[in-house]
Amino acid sequence: MKKFIDSFINVWKIEELKNRILLTLGLLLVYRFGAQVTLPGIDATKLTNLTNQTDEGIGWLINVFTGGAFSQASVFALGIMPYISASIVVQLMGIAVPYLQKLQKDGESGRKKINQITRWLTILITLVQGPGYIYNLYRTLPGEAFMLTGPTFIYSSVLILVTGTIFAMWLGEKITDKGIGNGISLLIMVGIIARMPQAFIQEFSSRTSQANGGVMMIVIELILWFLVIISCILLVMAVRKIPVQYARRTVTGDFEEDMMGGNRQFIPLKLNASGVMPIIFAQAIMFIPAAVSGLAKESDTALSIAGMFNDPFGLVYNIVFALLIVIFTYFYTAITVPTNKMADDLKRSGGFIPGVKPGVETGDYLDKIMSLITFPGSLFLALVAVFPAIAVSLLGVQGAWGYFYGGTSLLIMVGVAIDTIQQINSYLLNKHYDGLMKSGKNRKAVA
């Protein structure tokens, strides 16, 4: 514990790291503040019906992803989800569109152009979702909740919603560039954490005031919750080490040949190389039926299908959700883990995998290993994602608290937290301090 506290103190000794953390916290605070600002023309005291709409089901998940802004009719009501949807579309198009494929191979310049395309697509998606959100407000809120009506209110509100999403996207990019951690993921994580205390208080009140298991059941739930967190950490941190042997190594700045074995190292291939992105992608897809359900009033079949996808604890919802996670895990791993490039870099550096020829065969071997370890990784990721439904059915956990029993909420929190800590660790290790995690411990530089 003392070493952890010392490492935490060392964080503030590194000026650049301290400034990055403070900037990140400041921008997150701006985002949380904006989530409480209601759209002009709406009475903030008459949002009870909208709040009730987001108490359970898919509405609760949408509200969590926006940090409560959805139920507040906030300027950030659409949150960062249009940007996530745009990212999904661009990456899917990157498989079939030659122009995007070329940009993906153009390095930093190509990445900037892809980001620009994603931003424009985000605006288009928000222009579609904005009127849908305003329509939902008209359906949900009483007439006296609107202080403005007509085209003026609609146009101004849509414009503000688009601006809010663009500003949230800008905050996320600034956190990534100038702060610490992945900005977009941090914005989502902060919104999730903001809803956790209220969910736990509701669960505690239900267990104690209604003779529904009492404090002992709360203790059991917390123990199971911590076990799920540990499982998520193991999933995020698990790696398959591929041994690598170098025939050449550098000693005190000179290039030395060692034909008897060289320097042995390994390539760490992560069991879950895609991180939390498959969860975010799959969840964004699962929002679609809920978003279009209001357009299918006259069709009983469409309403029935939409109803299935409006219940995050339902069987159909979780089966489809799990399948999407498995698919997106393979997809995202394939586009983010360039095994051929890894093989080429390994060959250029004089390294090789024992028993495997350098070059193409090494790339094929790494691709095969990634496919083998991605399968159990994707299944475990899907199991954790649907675990809230299992907890609700087996333990009788209340809906709001049940969402934190794994699923999207917990996986995002654990994954983003570990990613941020690892970035902080890299700063500490570069300055020859001990890292925040035990695995991050570093030996002092030898003079």
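The first residue in the sequence is number 1, and the count goes up from there. Predicted, not measured: the structure shown is a model, and the values here were computed from it.
The shortest distance between side-chain heavy atoms of Arg207 and Val215 does not fall below 4.5 Å. Taking 4.5 Å as the limit, every side-chain heavy atom of Ile166 sits out of range of all side-chain heavy atoms of Thr126. Using a 4.5 Å heavy-atom cutoff, the side chains of Leu381 and Pro278 are in contact. Side-chain contact check for Leu271 versus Phe380: every heavy-atom pair is 4.5 Å or farther apart. Contact of the Ile229 side chain with the Val414 side chain is registered, since non-hydrogen atoms from C-beta on lie closer than 4.5 Å. Side chains of Val416 and Ile188 form no contact here, defined as non-hydrogen atoms less than 4.5 Å apart. Contact annotation: the side chain of Glu173 approaches that of Tyr83 to within less than 4.5 Å [non-hydrogen atoms, C-beta and beyond]. Looking at Ile125 and Thr122, their side chains never come closer than 4.5 Å, going by heavy atoms from C-beta outward.
Under the 3.5 Å distance criterion, the side-chain polar atoms of Asn19 are matched with a main-chain donor or acceptor of Glu15. One N or O on the side chain of Asn63 and one on the backbone of Ser71 form a donor-acceptor pair closer than 3.5 Å. Not one N or O on the side chain of Ser378 forms a donor-acceptor pair closer than 3.5 Å with the backbone of Val326. A donor-acceptor contact shorter than 3.5 Å is absent between the side chain of Ser205 and the backbone of Ile201. Of the possible donor and acceptor atoms, none in the side chain of Thr118 sits under 3.5 Å from a partner among the backbone N and O of Ser87. Judged by distance alone, the side chain of Arg32 and the main-chain N or O of Val190 form no donor-acceptor pair under 3.5 Å.
When Ile21, Leu28, Leu27 are each tested for a side chain to side chain contact (heavy atoms under 4.5 Å, CB included) with Thr24, only one passes: Leu28. Under the ring-ring contact (aromatic ring centres under 6.0 Å, His included) rule, Phe76 has a single partner from Phe33, Tyr133, Tyr31, which is Tyr31.
Residues Leu324 and Ala282 approach most closely at CB-CB, 3.8 Å, considering heavy atoms. Residues Cys232 and Val384 approach most closely at SG-CG1, 3.5 Å, considering heavy atoms. Contact detail for Thr329 and Ser274: the closest heavy-atom pair is CG2-OG, 3.7 Å. Considering every non-hydrogen atom in both Met342 and Ile267, the closest pair reads CE-CG2, 3.6 Å. Gly67 and Arg195 get closest at one heavy-atom pair: C-CD, 4.3 Å. Ile180 and Leu186 get closest at one heavy-atom pair: O-CD1, 3.2 Å.
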Show your reasoning for whether side-chain contact (heavy atoms from CB on, under 4.5 Å) applies to Arg20 and Gln423. CA-CA 11 Å; Arg20 282 179 172 269; Gln423 288 196 31; over 6 Å; no
Please assess Lys347 against Asp344 for the test salt bridge (Lys or Arg N to Asp or Glu O under 4.0 Å), listing each intermediate value before the final yes or no. CA-CA 5 Å; Lys347 183 178 180 180; Asp344 291 340; over 6 Å; no
If you apply the rule side-chain contact (heavy atoms from CB on, under 4.5 Å), what do you find for Leu22 with Trp12, and how did you get there? CA-CA 10 Å; Leu22 291 176; Trp12 303 102; 4.0 Å; yes
Checking side-chain contact (heavy atoms from CB on, under 4.5 Å) for the pair Asn136/Leu50: CA distance, chi angles, key distance, verdict? CA-CA 9 Å; Asn136 180 67; Leu50 186 61; 3.9 Å; yes
Show the numbers, then the answer: is there a side-chain contact (heavy atoms from CB on, under 4.5 Å) between Phe70 and Met81? CA-CA 11 Å; Phe70 189 92; Met81 292 311 295; over 6 Å; no
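Using the six-membered ring where Trp is involved, Tyr405 and Trp401 have ring planes that are perpendicular, over 60° apart on the 30 and 60° scheme.
Interatomic distance, CG of Asn182 versus OG1 of Thr420, reported as 8.0 Å (0.5 Å rounding). One finds the CZ atom of Phe321 at 8.0 Å from the CG atom of Asn318 (value rounded to the nearest 0.5 Å). Between Lys270 atom NZ and Met370 atom CE the span is 10.0 Å, to the nearest 0.5 Å. Atom CZ of residue Phe328 and atom CD1 of residue Ile325 lie 10.0 Å apart, to the nearest 0.5 angstrom. To the nearest 0.5 angstrom, Ile192 atom CD1 is 10.5 Å from Thr66 atom OG1. Between atom CG of residue Leu187 and atom CD1 of residue Ile175 there is a gap of 5.0 Å, rounded to the nearest 0.5 Å.
Asp364 and Thr362 are not linked by any side-chain donor-acceptor pair at a separation below 3.5 angstrom, with hydrogens and angles left out of the test.
Atom CZ of Phe204 has 12 or fewer heavy atoms from other residues, nucleotides or ligands within 6.0 Å.
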